[in-house]
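Counting from 1, the numbers follow the sequence of the chain as shown. As the structure lists them, so they are numbered: ligands from 1, and atoms in each ligand from 1.
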Amino acid sequence: MVVGPTLGRHQGNTLQSSKNRTTFHARPMLILGIESSCDETGIALYDSQRGLLGHALHSQVAMHEAYGGVVPELASRDHIRRVLPLLQQVLDKSGTALNSIDAIAYTKGPGLAGALLVGASIACGLGLALDKPILGVHHLEGHLLSPLLAAERPDFPFVALLVSGGHTQLMRVDGVGRYTLLGETMDDAAGEAFDKSAKLLGLGYPGGPAISRLAEFGDPHVYKLPRPMLHSKNLDFSFSGLKTAVLTVVKNHRTNICEQDKAHIARAFVDAIVDVLTAKCVDALKQTGLKRLVIAGGVGANQQLRAALNNAAQKRRFRVYYPELEFCTDNGAMIAFAGALRLEQNPSAATHDYAFSVRPRWPLEELRNA
Ligand code: KG4
Ligand code: ZN
């Protein structure tokens, strides 16, 4: 079954906290955000004075589930079907007229080329028709800045852990566009490790939430899995060995694995990955001397990771900030918001040049002097 479009809980309302607004524009700006980099179509309206006016999301998870992962061509086609109805829905619910939008921010990359092209072409088409400027946003910058949309927003500078399906990076963030890479995964991303290990346990796609739920029923002492690069003395990660260790445990079972044993394996996997992520965050804070940690990306929704980080924060006296749960995974709000922050910095960042391009591969570090 395909999950129907849902409007977020901010629909039709401005956010209440005055902290989650960008306060910069002499004139308020209304930014339309379009996210289509992978398997979620997200639309949002962000007002630089009033905050988030509304957002809507359509997840393609049910469509891709049968294939055990995202099928790029199906993803592109589905984005085409969803973008305009979602946009209409957000406009209607927030009582906004299309031509009152001041600029259109869309995800330019990184992501699936065909999927990105859908958002880019809709942004360009709308921009041209409405005579509004457009702005290509970096998807990871959207994730990175998404905790600033929450009621409790961190001040710069902070250390950010970006943990999604495609990326695991530790970053020092001194301001919008001022990102220094501290460490990253040498192979699989944390989300990828969650998804691949879940698949080995027959838990379907995407596996992150499923393996995390199952782990709650597991005994932490039955299996011990490796904690790759835990003592590597740098801030890099490696998760492909952890997935291989899960595979070995699964293969060592001559018969079908019972549900309880699956839960024990899930628990060992989650404990291992959470230990590594938490330890590296603590190391990054030590190395930079900073006291603020921000978690962004889909794996940031993981409850075991949040519990471990909150625990470490209490013990070691730092603060940890998360995006609202609904903005951990891909969404349009983070793109509209990142677009607004970019325009605050440089009002001419948006253009009337509608010869669009996308960047399926686009290192975040390239943004440093953008
Ligand atoms: O940020 P995101 O929506 O998309 C990318 O940009 O990659 O992250 C998706 C990833 C998937 O690998 C998914 O399994 C993982 O985030 N994920 C989780 C949880 N929710 C999503 N992993 C662990 N626990 C969760 N609760
Ligand atoms: Zn993402």
Among pairs that include at least one residue of residues 293-322, which meet ring-ring contact (aromatic ring centres under 6.0 Å, His included), considering only residues two or more places apart or in two chains?
none

Listed once per pair and sorted, the ring-ring contact (aromatic ring centres under 6.0 Å, His included) pairs that draw on residues 150-201, sequence neighbours left out
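Every ring-ring contact (aromatic ring centres under 6.0 Å, His included) pair that includes a residue of residues 150-201, provided the two are not neighbours, is F156-F158, F194-F269.
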
Which residue supplies the protein heavy atom nearest to [atom], what is that atom called, and how far is it?
atom	value
atom 20 (N) of ligand 1	G298 O, 3.4 Å
atom 24 (N) of ligand 1	N302 ND2, 3.0 Å
atom 3 (O) of ligand 1	D330 N, 3.1 Å
atom 22 (N) of ligand 1	G208 CA, 3.4 Å

Atoms of ligand 1 less than 4.0 Å from G191 heavy atoms?
12 (O)

Heavy-atom contacts with G166 under 4.0 Å: which atoms of ligand 1 show up? List them by number with element.
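Within the 4.0 Å cut-off of G166, ligand 1 contributes 7 (O).
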
Going by the side-chain hydrogen bond (donor to acceptor under 3.5 Å, both in side chains) test, which pairs reach into residues 116-138, not counting sequence neighbours?
none

Using 2.8 Å as the cut-off, count the protein N, O or S atoms closer than that to the Zn ion (ligand 2).
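Counting protein N, O and S atoms closer than 2.8 Å to the Zn ion (ligand 2) gives 3.
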
Does any N or O atom in [X] lie less than 3.5 angstrom from one in ligand 1, N or O only?
X	result
S212	no
F194	no
G297	no
H139	yes
G165	yes

Have [X] and [Y] got a donor and an acceptor in their side chains that come within less than 3.5 Å?
X	Y	result
Q287	D283	no
T41	H79	yes
D188	S240	no
Y223	D271	no
E216	Q304	yes
K280	S232	yes

Sub-4.5 Å side-chain heavy-atom contact between V83 and I80:
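V83 does not reach I80 side chain to side chain.
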
Suppose we call two aromatic rings close when their centres sit under 6.0 Å apart. Are H55 and F327 close by that rule?
yes

Classify the contact between [X] and ligand 1 as side chain, backbone, both or neither, using a heavy-atom distance cut-off of under 4.0 Å.
X	answer
H143	side chain
Q303	neither
D195	side chain

Determine, using heavy atoms of P209 and all atoms of ligand 1, whether some pair is separated by less than 4.0 Å.
yes

Say you draw a straight line from CD of E259 to CG of L201; how long is it, rounded to the nearest 0.5 Å?
9.5 Å

Distance check, rounded to the nearest 0.5 Å: L126 atom CG versus L32 atom CG?
7.0 Å

